[in-house]
Amino acid sequence: MKGILILQALLLISLPPLLTHSGIAAEPSQRAPRSIVLLVRWKPESLVNGSPCLFRIRSSRTLKSLSGRWHGHQVFFDFDVKTRTWYGFAGVGIDTASGQHQLSLEARLANGARISYSHSVTVGKAAYRTIDLSVPGKYTEPDAETLARINQERALKNEVFRQTIKDRLWAGRFVAPVENVITEGFGTQRTFNGVRQSVHQGLDFRADIGTPVLAMNSGTVILARDLFYEGGFVVIDHGNGLLTLYMHLSEINVNEGNPVRKGEIIGSSGATGRVTGPHLHVGVRWQGIYVDPETLLTISIN
Ligand SMILES: [Zn+2]
């Protein structure tokens, strides 16, 4: 799949009328129609449930702005002058059914004309691992004090996750937070009597306590503190609605509000929070949807 760019759409439409989502418009009566070609592509080329997704749009005519809707979320597009491409980051939820899904685009031209277009995107089905539990997971009832802490921290996370930096702060390729072996992939489901108990919403790396943890890309630290479940917890907002989360850290080297650069050390791995042993858990979240960090490592602008 590397090196070959598949043109997933070639759209010819007439201007200047306002177009409907079908991309078909009535012929303008006064002026000769001018055509516009939009190329809609994405990475990875084969999308599955749980994929992060980088939409890449090229237009034969200069666009003043471009925005998208995907699964009820806004996709923030920005223009890269070097590649003359509009990039927009999105994610496919793990429970998304395979089949055709619509990316709705709305572009504005320099002359003020608006173009609406809906593009069909194929989503396949991922083969995530399922572990059948022979006994149900043991639930320990937290005491009143712990419960109060958990609820308070849930409210804090909701508040932090509600804010979104629209502009893209990340660039190029994402880097692994540690160079270590992956011990548990994204999407592993634990079932009991055929009923799903939990889904692994990130990636686990084997990491001894004290292993330096790197920012996967540039962004702003929006959370850096110790929480009950996550332990030492850092969340970086990369813009476009995209966050990376780092859990169970023994040490945190950044403060909330700090800008961070790709590859910068943000802390050390550990065994804090609810863990069975030392490891680094990394999550990737797009507007509330958790996607596969391993796939994110293969995505790059340019
Ligand atoms: Zn994990």
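Order of listing sets the numbers, starting from 1, for every ligand and every atom in it.
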The atom name of the N, O or S atom in Asp204 nearest to the Zn ion (ligand 1) is OD1
Starting from the Zn ion (ligand 1), look over the N/O/S atoms of His281 and name the nearest one.
ND1
Is His200 close enough that one of its N/O/S atoms sits under 2.8 Å from the Zn ion (ligand 1)?
yes
Ring pair (Phe, Tyr, Trp, His ring centres under 6.0 Å) against Phe55, all qualifying residues, sequence neighbours excluded
Trp70
Contacts of Phe161 meeting ring pair (Phe, Tyr, Trp, His ring centres under 6.0 Å) (sequence neighbours excluded), chain-then-number -> none
Angle between ring planes, Trp170 versus Phe89, binned at 30° and 60°: parallel, tilted or perpendicular?
perpendicular
Closest heavy-atom pair, Glu251 versus Asn253, reported as atoms and distance to 0.1 Å, is OE2-OD1, 3.5 Å
